[in-house]
Trainee: 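Quick one: the structure is below, and I'll ask about it shortly.
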Amino acid sequence: MPQPVDVRDRIAPAVVAWFSDAARPLPWRAADVSPWAVLVSEFMLQQTQVARVQPRWEEWMRRWPTPAALAAEPASEAVRAWDRLGYPRRALWLHRAATEIVERHGGRVPRDLDALLALQGIGPYTARAIAAFAFGDRHPVVDTNTRRVIARAVDGRAEAGPPATARDLAAMDRLLPDEREAAHRFNAGAMELGATVCAARAPRCDACPIAELCAWRNAGYPAYDGPKRARQARFEGSDREARGLVMRELRATHRPVPRDVLAGLLADDARLARALDGLVADGLAVATADGFALPEA
DNA sequence: CTCCTGCGCC
DNA sequence: GGCGCTGGAG
């Protein structure tokens with residue numbers, strides 16, 4: 001059962017108060033970081049945990065402190081420096097976004113939501129995260145953690161179910177304080193709560209600042225009855241693994257890698273062929289006379 | 001095994 | 001709305 005409005009209105013203040021003590025001191029949350037630094041962190045954090053992102057982010061900020069600095073280098077360097085963060089298309093997108101920022105916005109990260117959404121690799125989540133966290137503007141920021149917190153605290157369900165962007169944004173907007181700074185802190189605090197306390201597997205309700213307000217807890221933790229999320233396919237032996245192996249090889253050198261060298265990485269030649277096709281289609285690899293290489297453009 | 005600050009494209 | 005995309009940690 002959903003919460004009555006008066007209970008719902010107590011959620012944000014409680015989360016904001018909790019967050020002022022509980023916030024992890026992540027470097028991209030420091031007061032003096034640039035919007036570009038926030039943007040880079042948001043790209044890296046798409047589907048990737050904080051602990052893995054932090055060292056890569058530090059390196060990137062030292063090497064490319066502005067969009068212009070990154071745009072001045074070939075995309076191959078971005079892919080190389082992405083290292084093993086996973087989903088290497090994000091490195092390509094980030095490089096492209098830097099170029100677009102230089103071309104369209106004079107090298108400054110735009111503040112306007114539609115301008116942000118028009119950049120490569122920036123979708124509904126990342127655009128609002130940048131507007132909210134880098135510029136302090138009031139927008140609902142909804143990631144997988146926030147969706148789970150809302151599902152539990154407001155809707156009384158154990159899981160959020162499949163994403164529905166418009167509905168998710170509206171749900172967060174209803175909880176969001178009017179005042180900018182409070183909205184900013186609630187956006188960040190709700191994500192933090194989902195990441196550190198209201199965890200998917202093992203929620204720590206004893207440490208939760210809104211436990212007494214939580215519809216799911218107050219209903220006795222009913223089991224999730226919605227659509228089951230699809231099982232993630234096995235990674236060993238998958239095409240994903242093959243892509244990763246090829247990319248690791250391409251990143252390790254500045255010269256084209258002959259196809260037979262790549263074939264030595266994989267017993268299954270059909271799998272290699274699919275991986276190469278996919279990587280070329282994604283722009284992550286280019287075929288040359290001497291083999292495959294990272295893209296320079 | 002499941003989960004992770006999503007996105008672009010079909 | 002559904003699918004594919006990486007890799008590591010718990």
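Values below: all heavy atoms of this structure, side chains included; hydrogens, waters and symmetry mates excluded. Quick note on labels: first sequence line is chain A, next is B, and so on, each numbered from 1. Note that the structure is predicted; figures quoted are calculated from it, not measured.
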Trainee: Ion pair present between A:Arg80 and A:Glu77, side-chain N to carboxylate O less than 4.0 angstrom?
Mentor: yes
Trainee: Do the charged groups of A:Asp173 and A:Arg138 touch, with an N to O distance under 4.0 Å?
Mentor: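 A salt bridge links A:Asp173 with A:Arg138.
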Trainee: Are A:Arg259 and A:Asp269 ion-paired here, with the side-chain N under 4.0 Å from a carboxylate O?
Mentor: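 Counted as a salt bridge, because a side-chain N and a carboxylate O are separated by less than 4.0 Å.
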Trainee: May I ask you to decide whether A:Asp137 forms a salt bridge with A:Arg180, counting only side-chain N to carboxylate O separations under 4.0 Å?
Mentor: yes
Trainee: With distance as the sole criterion, do the side chain of A:Arg52 and the base of C:dG7 form a donor-acceptor contact below 3.5 Å?
Mentor: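 Such a pair is found, so the answer is yes.
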Trainee: So what does A:Trp28 hit on the nucleic acid, given a heavy-atom distance under 4.0 Å: a base, only sugar-phosphate, or nothing?
Mentor: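 Base, at least one base heavy atom under 4.0 Å.
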Trainee: List for me each residue that meets salt bridge (Lys or Arg N to Asp or Glu O under 4.0 Å) alongside A:Arg24, sequence neighbours excluded, and say none if there are none.
Mentor: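 For A:Arg24, the residues satisfying salt bridge (Lys or Arg N to Asp or Glu O under 4.0 Å) (neighbours in sequence not counted) are A:Glu192.
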Trainee: Report the distance from atom CG of A:Leu92 to atom P of C:dC5, rounded to the nearest whole Å.
Mentor: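 After rounding, the reported distance stands at 16 Å.
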Trainee: Does any N or O in the side chain of A:Ser20 come within less than 3.5 Å of the main-chain N or O of A:Ala17, such that one atom is a donor and the other an acceptor?
Mentor: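 Yes, the answer is positive, given that a donor and an acceptor are paired below the 3.5 Å cut-off.
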Trainee: Under 30°, 30 to 60°, or over 60°: which ring-plane class applies to A:Trp82 and A:Trp60, parallel, tilted or perpendicular?
Mentor: perpendicular
Trainee: Measure from CZ on A:Arg24 to P on B:dC4 and round the result to the nearest Å.
Mentor: 12 Å
Trainee: Would you tell me whether A:Thr146 and A:Asp143 have side-chain atoms, one donor and one acceptor, within less than 3.5 Å of each other?
Mentor: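 Side chains of A:Thr146 and A:Asp143: pair found under 3.5 Å.
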Trainee: Could you tell me the separation between the CZ atom of A:Arg96 and the C1' atom of B:dC9, rounded to a whole number of Å?
Mentor: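 A:Arg96 atom CZ is separated from B:dC9 atom C1' by 14 Å.
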Trainee: So if I take residues 127-144 of chain A and measure heavy-atom distances to DNA chain B, which residues fall below 4.0 Å?
Mentor: A:Asp143, A:Thr144
Trainee: Using atom types as modelled and distance alone, determine if a side-chain donor or acceptor of A:Trp216 lies under 3.5 Å from a backbone N or O of A:Pro222.
Mentor: yes
Trainee: Starting at CG of A:Asn145 and ending at C1' of B:dG6, how long is that distance when rounded to a whole Å?
Mentor: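 These atoms are roughly 12 Å apart.
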Trainee: Using whole Å, what does the distance between atom C1' of nucleotide C:dG7 and atom CG of A:Leu245 come to?
Mentor: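 After rounding, the gap between these two atoms is 11 Å.
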Trainee: I want to check one thing: is the phosphate of B:dG8, taken as OP1 and OP2, less than 4.0 Å away from some side-chain N or O of A:Arg90?
Mentor: no
Trainee: Give A:Thr126 one of three labels, base, sugar-phosphate or nothing, depending on what nucleic acid heavy atoms sit under 4.0 Å from its own.
Mentor: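 If one applies the 4.0 Å heavy-atom cut-off, A:Thr126 turns out to touch the sugar-phosphate alone, with no base involved.
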Trainee: If you pin A:Ser41 and A:Leu119 to their nearest nucleotides in DNA chain B, which one's is more 5'?
Mentor: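 The answer here is A:Ser41.
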Trainee: Using a 4.0 Å heavy-atom cut-off across all strands, classify A:Pro88 as base, sugar-phosphate, or nothing.
Mentor: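 It contacts sugar-phosphate atoms only.
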Trainee: Choosing from B:dC4, C:dG7, B:dC7, which nucleotide comes nearest the side chain of A:Trp93?
Mentor: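 Shortest atom-to-atom distance from the side chain points to B:dC7.
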Trainee: Check if the side chain of A:Gln47 and the base of C:dG8 share a donor-acceptor pair of N or O atoms closer than 3.5 Å.
Mentor: no
Trainee: Rounded to the Å, how far apart are A:Arg274 CZ and C:dG4 P?
Mentor: 12 Å
Trainee: Hey, which sits more toward the 5' end of DNA chain C by its nearest nucleotide, A:Glu241 or A:Pro162?
Mentor: A:Pro162
Trainee: Would you jot down, in residue-number order, the residues of residues 182-204 of chain A having a non-hydrogen atom under 4.0 Å from DNA chain B?
Mentor: A:Met191, A:Ala200, A:Arg201
Trainee: Of all the choices, B:dC7, C:dG8, C:dG4, which nucleotide is nearest to the side chain of A:Gln46 once you look at every atom?
Mentor: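 Nearest to the side chain of A:Gln46 among the choices is B:dC7.
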Trainee: If you pin A:Glu42 and A:Phe235 to their nearest nucleotides in DNA chain B, which one's is more 5'?
Mentor: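 Its nearest nucleotide being more 5', the pick is A:Phe235.
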Trainee: Assigning hydrophobic clusters by single linkage (Ile, Leu, Val, Met, Phe, Trp, Tyr; side-chain heavy-atom cutoff under 4.5 Å), is A:Leu119 placed with A:Met44?
Mentor: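 Same hydrophobic cluster.
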Trainee: Please pick, from C:dC5, B:dC7, B:dC3, the nucleotide with the shortest atom-to-atom distance to any side-chain atom of A:Pro124.
Mentor: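 Shortest atom-to-atom distance from the side chain points to B:dC7.
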Trainee: Among A:Arg52, A:Arg90, A:Arg56, which residue satisfies the salt bridge (charged side-chain N to carboxylate O under 4.0 Å, His left out) criterion with A:Asp83?
Mentor: A:Arg56
Trainee: Please report the distance, rounded to the nearest Å, between OH in A:Tyr87 and C1' in C:dC3.
Mentor: 11 Å
Trainee: Using atom CD of A:Gln120 as one end and atom P of B:dC7 as the other, report the distance to the nearest whole Å.
Mentor: 12 Å
Trainee: Contact class for A:Leu85 (heavy atom, under 4.0 Å): base, sugar-phosphate, or nothing?
Mentor: base
